[in-house]
Amino acid sequence: MILFHSFVALHIVTGSIGAIAFWVPVSGRKGGVNHKRWGKVFNVCLLITSGLAVGMSLLTLLDPLGTHPHLVGLFEADFVRGIFGWMMLHNGILTVNLVWYGWQCVANRRDHAANRTPINLGLQGLLLVSAFACALDGWRIGQPLMIGIAIVGFATVATNLWFILNPNPGQMDWLKEHIKGLVGAGISVYTAFFAFGSVRIMPWLALHPAMWSIPLAIGVGLIIWHRRKVDLGMRARRAAAA
């Protein structure tokens, strides 16, 4: 329990810093000093936060009610193991995947082949396995939310591999994928804040659709808006060249 509570405390600290840092590169001038500086703060904080989430999930799988005594009498052990074990494990791996992938997309923008590293490819395989485990346990205990979240994992692996293995990506595809990865990680941290964070205050809201849909809707909207800006910028440059 000391280890678990240490993970929780550090998770909250690094996650809070990351959640604040997220908005500087998203809303500020792209490519500037602040964008790079705060983007790096966000990346490092989210890698630590999601790594701690993986540790918390593994401890929950070992002892679901022992790590969540405040849920005793409210939920069965299978439910706690599923939501705070398998699903949190999946979400932690998903966030590590998105942060690392998005970071590598911009770091390797001039050398696309450098994206095909064992770490980058290994994270796709790890996410695929965790998504299967999350979906299977969600089906076993009758929690469709777990299956829905696993679908996000499957989609992430498919789209990431499409870019990583594409021998001739578009000129600005690296930027679109960078946006997808890091805004997707932002969705993860705010979903954790609203959904998992609400458990200690209002446990009955943990699986409320609004707690999951609000960060997702805002994040997807940001991804679409920024990707459209990239496309419009490309069109403007082509028109000027013509």
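No experiment lies behind these values; they were computed from the predicted model shown. Numbers here are sequence positions counted from 1.
- The OG1 atom of T60 sits 11.5 Å away from atom CH2 of W86, with the distance rounded to the nearest 0.5 Å.
- In this structure the side chain of N34 reaches within 4.5 angstrom of the side chain of R37, judged on heavy atoms.
- Within the 4.5 Å cutoff, side-chain heavy atoms of I149 are placed close to those of N91.
- Using modelled atom types and a 3.5 Å distance limit, the side chains of S188 and T95 yield a donor-acceptor pair.
- In this structure, V96 and L47 have side chains that are in contact, with non-hydrogen atoms separated by less than 4.5 Å.
- With a 4.5 Å cut-off on side-chain heavy atoms, M87 and L145 count as touching.
- Interatomic distance, CZ of F42 versus CH2 of W103, reported as 11.0 Å (0.5 Å rounding).
- A chain of hydrophobic side-chain contacts below 4.5 Å, direct or via other Ile, Leu, Val, Met, Phe, Trp or Tyr residues, connects L61 to L3.
- Of all the heavy atoms in P144 and G142, the pair that sits closest is CD-O, 3.4 Å.
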**OP:** Take M56 and F84 through the side chain to side chain contact (heavy atoms under 4.5 Å, CB included) test and state the conclusion after the steps.
**Re:** CA-CA 8 Å; M56 290 155 55; F84 300 101; over 6 Å; no
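- Heavy atoms only, all atoms of each residue included: S50 and G92 are closest at CB-O, 3.4 Å.
- Pairing each heavy atom of A150 with each of C134, the nearest pair is CB-CB, 4.3 Å.
- At a threshold of 4.5 Å between side-chain heavy atoms, the hydrophobic network of Ile, Leu, Val, Met, Phe, Trp and Tyr places I147 and V157 in two separate groups.
- Considering only heavy atoms from C-beta on, L121 comes within 4.5 Å of L161 through its side chain.
- Grouping the Ile, Leu, Val, Met, Phe, Trp and Tyr side chains by contacts below 4.5 angstrom, directly or via other members, places F132 with I141.
- Partners of W139 under the side-chain hydrogen bond (donor to acceptor under 3.5 Å, both in side chains) rule, at least two apart in sequence or in another chain, do not exist in this structure.
- Pairing each heavy atom of M146 with each of G82, the nearest pair is CE-O, 3.3 Å.
- Within the 4.5 Å cutoff, the side chain of W174 has no heavy atoms near those of the N108 side chain.
- Atom CD of Q104 is separated from atom CD1 of I119 by 8.0 Å, given to the nearest 0.5 angstrom.
- Hydrophobic clustering (ILVMFWY, side-chain heavy atoms < 4.5 Å, transitive): I83 and L65 are in one cluster.
- With contacts defined as side-chain heavy-atom distances shorter than 4.5 Å, the pair V54/L58 qualifies.
- Remark: the backbone N or O of I164 is paired with a side-chain donor or acceptor of R116 at under 3.5 angstrom.
- Salt-bridge check for D78 with R140: passed, with a basic side-chain N closer than 4.0 Å to an acidic carboxylate O.
- Ring planes of H112 and F163: perpendicular class, angle over 60° (limits at 30 and 60°).
- The side-chain hydrogen bond (donor to acceptor under 3.5 Å, both in side chains) contacts involving residues 145-161 comprise N97-N160, Q124-N160, T159-K180, N160-K180, where partners must be two or more places apart or lie in separate chains.
- H5 NE2 to T67 OG1: the interatomic distance, rounded to the nearest 0.5 Å, is 8.5 Å.
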**OP:** List the steps, then state whether ring pair (Phe, Tyr, Trp, His ring centres under 6.0 Å) holds for H11 with F4.
**Re:** CA-CA 10 Å; H11 177 81; F4 183 80; 10.0 Å; no
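- Of all heavy-atom pairs spanning V99 and A185, the tightest one is CG2-CB, 3.4 Å.
- Grouping Ile, Leu, Val, Met, Phe, Trp and Tyr residues whose side-chain heavy atoms lie under 4.5 Å apart, directly or via other members, places V41 in a hydrophobic cluster with V13, I17, V24, W38.
- We find the CG-CD1 distance between L126 and I93 to be 4.0 Å, quoted to the nearest 0.5 Å.
- Ring geometry for F75 against F79 counts as parallel: the plane angle stays under 30°, on a 0 to 90° scale with 60° as the upper cut.
- No side-chain heavy atom of R109 sits less than 4.5 Å from a side-chain heavy atom of L175.
- W162 and Y101 fall within the same hydrophobic cluster, defined by Ile, Leu, Val, Met, Phe, Trp and Tyr side-chain heavy atoms under 4.5 Å apart, directly or through other members.
- Once rounded to the nearest 0.5 Å, the distance linking CG of L52 with OG of S57 reads 10.5 Å.
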